[in-house]
Amino acid sequence: MPRIPLIAGNWKMHTTIGEATALAKAIVAASTDLVDRQVMLAPPFTALAAVADTIRGSNIILGAQNIGWASQGAFTGEISPPMLKDLGCTMAIIGHSERRHIFGETDELINRRVKGAVSQGVIPILCIGEQLEEREADRTMSVLEGQLKGGLQEISIADPNQLVIAYEPVWAIGTGKTASPIQAQEAHKFIRHVLVNLFEKSVASQIRILYGGSVIPDTIGILMDQDDIDGALVGGAALQPGSFSRIMHF
Ligand code: PGA
């Protein structure tokens, strides 16, 4: 069974409600002809409700940029899976490198978020990726393996669509340096090999692995041509409707 490509836009800490609405409107208008792929938008929490209204009736999926693990409680600053589902979110980015490296999120914390999402019916997009020093020290694969095993501890899924992985080399995020298609494919192939050790082979072979890190219209085609690249997590270019539209139409 072919894996359905997923193009995800991570708007990070950008857009007011008005800007988010306009951006979502432009993306909806540009996406009407897309039938063989999925598009997800992850606006900031403050714009989720407005974007949910704007995309209603389209095929676009709503995602959050992070997710709490408990359903409710004394967790100041966190947003729970039921709250996100209430807004129409069906996916959540977890463990983005900015959460890991600016906010100190550990594999253990990330694992709690993944567990909370899976158990409460939100699809995690678990982000993993090595830093430049780690790549230069030839530690890329061990870092990826550690982040996958840490983030996915005690997770069992029967349906491959319950989980998405995003490989985002930290040195490629927001820097204009995309991993070469060969580097990306090598990492994705390795990630799938680790997934096969964690889940049933029939499930692991169907889990989508996105590439992220300075994806632009000019690079998406060759990335999507790689065997184990099933989509993209797009930051900067997701804020420009023209660029994002070209990426969606790879
Ligand atoms: P970028 O961000 O496309 O701006 O590099 C990607 C991401 O952080 O998910």
Side-chain angles (χ1 to χ4, degrees), residues 5-15 19-20 23-24 26-27 37-45 47-48 51 60-67 89 91-105 110 113-114 117 123-132 134-135 140 143-144 147-148 151 163-181 183-185 187-188 191 208-224 226 229-250:
L6 171 63
I7 302 294
N10 172 13
W11 295 1
K12 308 194 181 186
M13 198 172 72
H14 295 288
T15 70
E19 289 163 350
L23 182 53
I27 293 166
R37 59 200 67 186
Q38 292 182 325
V39 174
M40 185 214 78
L41 302 179
F45 289 117
L48 281 171
V51 172
I60 293 178
I61 297 167
L62 190 63
Q65 295 178 20
N66 199 358
I67 189 167
C89 275
M91 291 187 167
I93 297 169
I94 300 180
H96 188 277
S97 81
E98 288 144 20
R99 300 301 320 168
R100 293 175 186 269
H101 300 298
I102 303 174
F103 300 100
E105 293 203 7
I110 289 162
R113 297 194 189 281
V114 174
I123 300 165
I125 301 184
L126 172 63
C127 302
I128 59 172
E130 81 288 1
Q131 300 185 75
L132 186 60
E134 293 165 335
R135 174 163 284 270
T140 298
V143 168
L144 298 182
Q147 291 176 341
L148 275 175
L163 174 68
V164 175
I165 306 293
Y167 168 59
E168 299 202 300
V170 179
W171 48 271
I173 297 178
T175 56
K177 284 186 211 160
T178 320
S180 72
Q183 283 173 324
Q185 167 56 24
H188 282 230
I191 290 166
R208 287 174 294 178
I209 308 173
L210 314 182
Y211 170 80
S214 297
V215 173
I216 53 170
D218 286 348
T219 52
I220 186 72
I222 182 127
L223 288 163
M224 292 305 293
Q226 308 304 310
I229 300 186
D230 307 313
L233 182 54
V234 185
L239 294 169
Q240 298 156 5
S243 297
F244 194 68
S245 171
R246 284 172 63 204
I247 294 172
M248 292 190 304
H249 287 90
F250 67 87

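Since the structure is predicted, the reported quantities are computational estimates derived from the model, not experimental observations. Just so you know, ligand 1 is whichever comes first in the structure, and atom 1 is the first atom listed for that ligand.
- For a threshold of 3.5 Å applied to N or O pairs, the pair formed by K12 and ligand 1 contains at least one separation below that value.
- Closest to atom 7 (C) of ligand 1 among all protein heavy atoms lies E168 OE2, 3.1 Å.
- Annotation for A179 and Q183: closest pair CA-OE1, 3.5 Å, computed over non-hydrogen atoms.
- Shown in contact with H96 at under 4.0 Å from a heavy atom are these atoms of ligand 1, numbered in order with element: 7 (C), 8 (O), 9 (O).
- Ligand 1 has no nitrogen or oxygen under 3.5 angstrom from a nitrogen or oxygen of I173.
- When hydrogens are left out, the protein atom nearest atom 3 (O) of ligand 1 is G235 N, 2.8 Å; that is the closest non-hydrogen contact.
- The two atoms that bring Y211 and I229 nearest to each other are CB-CG2, 4.2 Å, heavy atoms only.
- Nearest approach of G213 to T178, heavy atoms of both residues: O-CG2, 3.6 Å.
- When each atom of ligand 1 is checked for a heavy atom of S214 under 4.0 Å away, the hits are 1 (P), 3 (O), 5 (O).
- Nearest protein heavy-atom neighbour of atom 4 (O) of ligand 1: G236 N, 2.8 Å.
- For ligand 1 and A172, the ligand atoms under 4.0 Å from any heavy atom of the residue are 5 (O).
- Within the 4.5 Å cutoff, no side-chain heavy atoms of V164 are placed close to those of D230.
- Across V215, I173, L210, a single residue satisfies side chain to side chain contact (heavy atoms under 4.5 Å, CB included) together with E168, and that is I173.
- Between L223 and P181 the shortest heavy-atom distance is CD2-CA, 4.3 Å.
- With values rounded to the nearest 0.5 angstrom, I67 atom CD1 is found 6.0 Å from I94 atom CD1.
- Considering backbone and side-chain atoms together, G174 places an N or O closer than 3.5 Å to an N or O of ligand 1.
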Check the pair Q38 / R208 against side-chain contact (heavy atoms from CB on, under 4.5 Å), numbers first and verdict last. CA-CA 12 Å; Q38 292 182 325; R208 287 174 294 178; 2.7 Å; yes
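- Taking every non-hydrogen atom of N10 and a distance limit under 4.0 Å, the qualifying atoms of ligand 1 come out as 9 (O).
- Here S97 has no heavy atoms under 4.0 Å from ligand 1, in either its backbone or its side chain.
- Near G213, meaning under 4.0 Å from one of its heavy atoms, ligand 1 places the atoms 5 (O).
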